[in-house]
Amino acid sequence: MNYHRETFTAEEEAVLHRFFTNTDLPVFALINLPEVVKGALFARYSRSAKSIRRLFLDEFVADPDTGIELIASTDDPLVDLRKAEQLYQRVFFEYGDDSVAQLGGTHLACEQASNVLTKVLERGRLAAYLEQSTRYIAYDAKLGDRYRYLVPAEIAASHFADRYEAFMNRTFDVYSHLVDDMRQVYEERFPKEPDDSNFVWTSTIRAKACDAARGLLPASTLSNVGIYGTGQAYEMSLLRMQAHPLAEVREYGTMMLTELRKVIPSFLTRVDRPDRGGRWSQYLQEIGERLDESAAEFDVDPEPQGWSVTLTDWDPDAETKIAAAALYPHVQLSDGFLQQLVASMTNHGRERLLREAIGNRDNRRHKPGRAFERTAYRFDVVCDFGAFRDLQRHRMLTLEWQRFTTRLGFDLPDDIDLAGYGQIWDDITGEAAELYEDLAGALGLDVAQYVVPFAANVRFSMEMNPREAFHLLELRSQPAGHIAYRRVAQEMHRQIAEVAGHRLIADAMGFVDHDDVDLERLESERRAEDRRASAQGSS
């Protein structure tokens with residue numbers, strides 16, 4: 001393509017090279033600029049006929065009153081942040097805050113957060129999260145003189161404090177011994193294959209031992225979460241945290257706001273303003289309190305059931321609607337008329353359209369288009385807290401969960417029982433249930449969540465379109481995954497085919513894996529070692 005090349009003086013080129021990855025192509029990245037400057041630039045960009053490089057030179061650098069001040073030194077920061085903030089405030093006021101707040105972001109490290117808090121942190125859809133794994137890290141190492149668990153302020157100030165800490169210490173002692181014992185069990189059960197290195201074998205065995213023992217970890221277990229989000233994403237998270245009933249969540253939100261204001265202060269100006277963010281958080285808090293009051297009218301014991309996956313809602317005409325939606329971008333017909341046409345086709349004709357829309361998928365990352373967002377499936381799920389933590393990462397669907405409780409029973413892994421540790425497991429989970437009920441009665445259901453083990457069953461709903469189902473079910477059924485969430489994915493896939501009767505859609509999910517696997521991580525570790533060897537060979 002013959003793109004126009006914008007011309008700059010030598011002096012302008014010298015400035016631009018500090019802040020843009022090139023000066024001659026129509027695609028380039030912004031570098032060495034504070035997030036607030038990038039946000040202001042793009043906001044102004046939307047209402048200017050100038051290129052962004054020319055806009056930067058003319059209005060952001062050259063104007064002594066409203067521009068930014070370049071620092072001659074090559075050391076960071078390269079731009080005077082104070083003036084950048086003033087510039088952003090002007091643009092922020094002129095163009096509106098919501099859209100501009102999407103244009104800058106930052107990485108935030110959130111450490112020593114309980115597993116109650118991490119679920120709050122990871123609720124937002126429009127951010128990226130990475131949390132410490134229970135599979136690759138044994139949680140028996142102490143932080144200072146205590147195991148990695150939180151003593152919530154509500155419990156620390158109550159007469160339950162000593163009992164709570166004693167239970168936590170016993171739990172982590174048992175967990176620590178169980179990880180070591182299960183490692184020995186698996187080493188004997190799965191001897192090293194001659195072609196596998198010690199690293200591959202020990203990594204696989206360690207992961208399986210951690211997987212088996214993780215059910216004893218309580219929701220108070222401390223974890224680290226890395227977040228990347230825009231100003232808008234952080235704002236929404238902080239507003240929810242301000243309205244939360246737990247002290248840990250509110251106090252952590254205050255720490256987050258303090259640190260984020262050191263990096264992207266202008267993006268978060270309204271969070272704690274009484275008339276803006278304060279009123280917003282109050283609105284959220286009032287909704288929660290009123291719904292809790294209404295829910296008290298239905299305060300009955302939970303249904304006595306264990307693990308379950310139930311497809312509760314689906315569209316009987318889903319496959320017809322998806323076939324019509326697949327044709328929609330390729331015709332000049334209204335949506336309603338097109339649906340009528342497809343509905344009048346033979347079953348064979350609709351099947352042919354669906355297969356054409358699915359195409360030849362070489363791997364699970366090849367997913368059909370947005371036509372498969374035309375309908376939805378809603379599942380009610382009861383599974384252990386540990387599996388929920390993995391499934392909760394899928395935020396592009398609609399996922400709602402109930403408070404963590406011990407009242408829905410516990411999962412006892414077969415390997416734990418077969419290895420002779422079933423009674424120990426039952427003792428810990430039984431003690432957790434007793435402490436949970438005492439805390440719930442005295443301090444409330446929210447505080448009681450901290451003692452809920454990962455083995456406890458959680459109830460939640462997942463509503464997704466078929467396109468998201470392709471991603472979730474094919475990913476979470478892979479052999480390397482934990483058996484707890486693999487079972488959920490496999491059962492969802494079965495019910496889409498057999499309960500909803502959407503066999504064409506289910507059959508198209510060709511990478512859902514229903515096989516049983518002994519050593520979940522073995523093939524994955526082998527592939528990783530092959531990649532490392534290949535990389536070393538080519539270097």
Side-chain angles (χ1 to χ4, degrees), residues 1 46 98-99 102 124-126 308-381 391-400 460-478 485-486 488-514:
M1 297 291 292
S46 69
D98 285 335
S99 59
Q102 299 170 5
R125 287 189 174 101
L126 301 180
S308 67
V309 175
T310 307
L311 179 61
T312 61
D313 193 24
W314 67 92
D315 186 347
D317 299 320
E319 294 183 338
T320 295
K321 291 178 179 178
I322 290 173
L327 278 179
Y328 184 82
H330 303 278
V331 297
Q332 297 295 317
L333 301 172
S334 72
D335 185 52
F337 184 66
L338 186 57
Q339 287 189 58
Q340 294 177 23
L341 286 179
V342 174
S344 66
M345 295 173 64
T346 64
N347 289 337
H348 177 74
R350 284 194 296 273
E351 180 177 344
R352 177 179 58 82
L353 273 178
L354 274 175
R355 295 195 185 283
E356 289 173 351
I358 293 163
N360 298 318
R361 303 179 63 216
D362 292 333
N363 60 65
R364 63 179 173 82
R365 292 175 177 82
H366 295 174
K367 296 180 181 66
R370 291 186 176 181
F372 285 79
E373 299 173 9
R374 180 63 178 82
T375 186
Y377 303 108
R378 184 176 177 88
F379 293 92
D380 184 78
V381 183
L391 294 171
Q392 188 258 347
R393 298 176 187 175
H394 294 266
R395 285 169 291 274
M396 295 312 291
L397 46 73
T398 300
L399 191 151
E400 287 282 6
F460 56 100
S461 66
M462 300 183 79
E463 188 165 351
M464 68 195 83
N465 60 52
R467 193 172 187 228
E468 176 64 14
F470 271 84
H471 170 66
L472 187 151
L473 304 187
E474 292 185 333
L475 173 64
R476 293 302 177 187
S477 66
Q478 291 302 298
Y485 64 69
R486 290 191 74 221
V488 173
Q490 291 164 351
E491 182 61 15
M492 286 179 170
H493 182 243
R494 186 192 69 79
Q495 292 191 29
I496 288 173
E498 298 179 9
V499 178
H502 298 167
R503 293 192 175 276
L504 291 176
I505 295 174
D507 289 346
M509 300 177 189
F511 297 96
V512 174
D513 195 308
H514 286 271

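The chain is numbered in sequence order, starting from 1. What you are looking at is a predicted structure, and each value in this text was computed from that prediction instead of being measured.
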* Are Val381 and Glu491 side-chain neighbours, meaning at least one heavy-atom pair lies under 4.5 Å? -> no

* To do: Taking atom CZ of Arg370 as the centre, report whether more than 12 heavy atoms of other residues, nucleotides or ligands fall under 6.0 Å from it.
  => no

* Would you please name every residue forming a salt bridge (Lys or Arg N to Asp or Glu O under 4.0 Å) with Arg352, sequence neighbours left out? => Glu356

* To do: Using the side-chain contact (heavy atoms from CB on, under 4.5 Å) rule, take Tyr328 and Arg374 through it: C-alpha gap first, then chi angles, then the decisive distance, then the call.
  => CA-CA 12 Å; Tyr328 184 82; Arg374 180 63 178 82; over 6 Å; no

* **Residue pair His514 / Ser477, side-chain heavy-atom distance below 4.5 Å** => no

* Asked: Has the side chain of Gln495 got a donor or acceptor atom that lies under 3.5 Å from a matching backbone atom of Ala500?
  -> no

* To do: Apply side-chain contact (heavy atoms from CB on, under 4.5 Å) to Leu397 and list each qualifying residue two or more places apart in sequence or on a separate chain.
  => His394, Leu399, Met462, Met464, Glu468, Leu472

* Does a side-chain heavy-atom distance below 4.5 Å link Met396 with His471? -> no

* Hey, what do you get for CD1 (Ile505) to CZ (Arg467), rounding to the nearest 0.5 Å? -> 14.0 Å

* Asked: Are any of the side-chain heavy atoms of Phe372 and Ile358 separated by less than 4.5 Å?
  -> yes

* So which of Arg486, Arg364, Arg361 actually passes salt bridge (charged side-chain N to carboxylate O under 4.0 Å, His left out) with Glu474? -> Arg361

* Would you check if Arg476 and Val488 make a side-chain contact, meaning some heavy-atom pair closer than 4.5 Å? => no

* Asked: If we only count heavy atoms from C-beta on, is the Gln339 to Asp317 side-chain gap below 4.5 Å?
  -> no

* With Ala343, which residues qualify under side-chain contact (heavy atoms from CB on, under 4.5 Å), at least two apart? -> Thr320

* Indicate yes or no: at least one non-hydrogen side-chain atom of Leu473 is less than 4.5 angstrom from one of Ile496. => yes

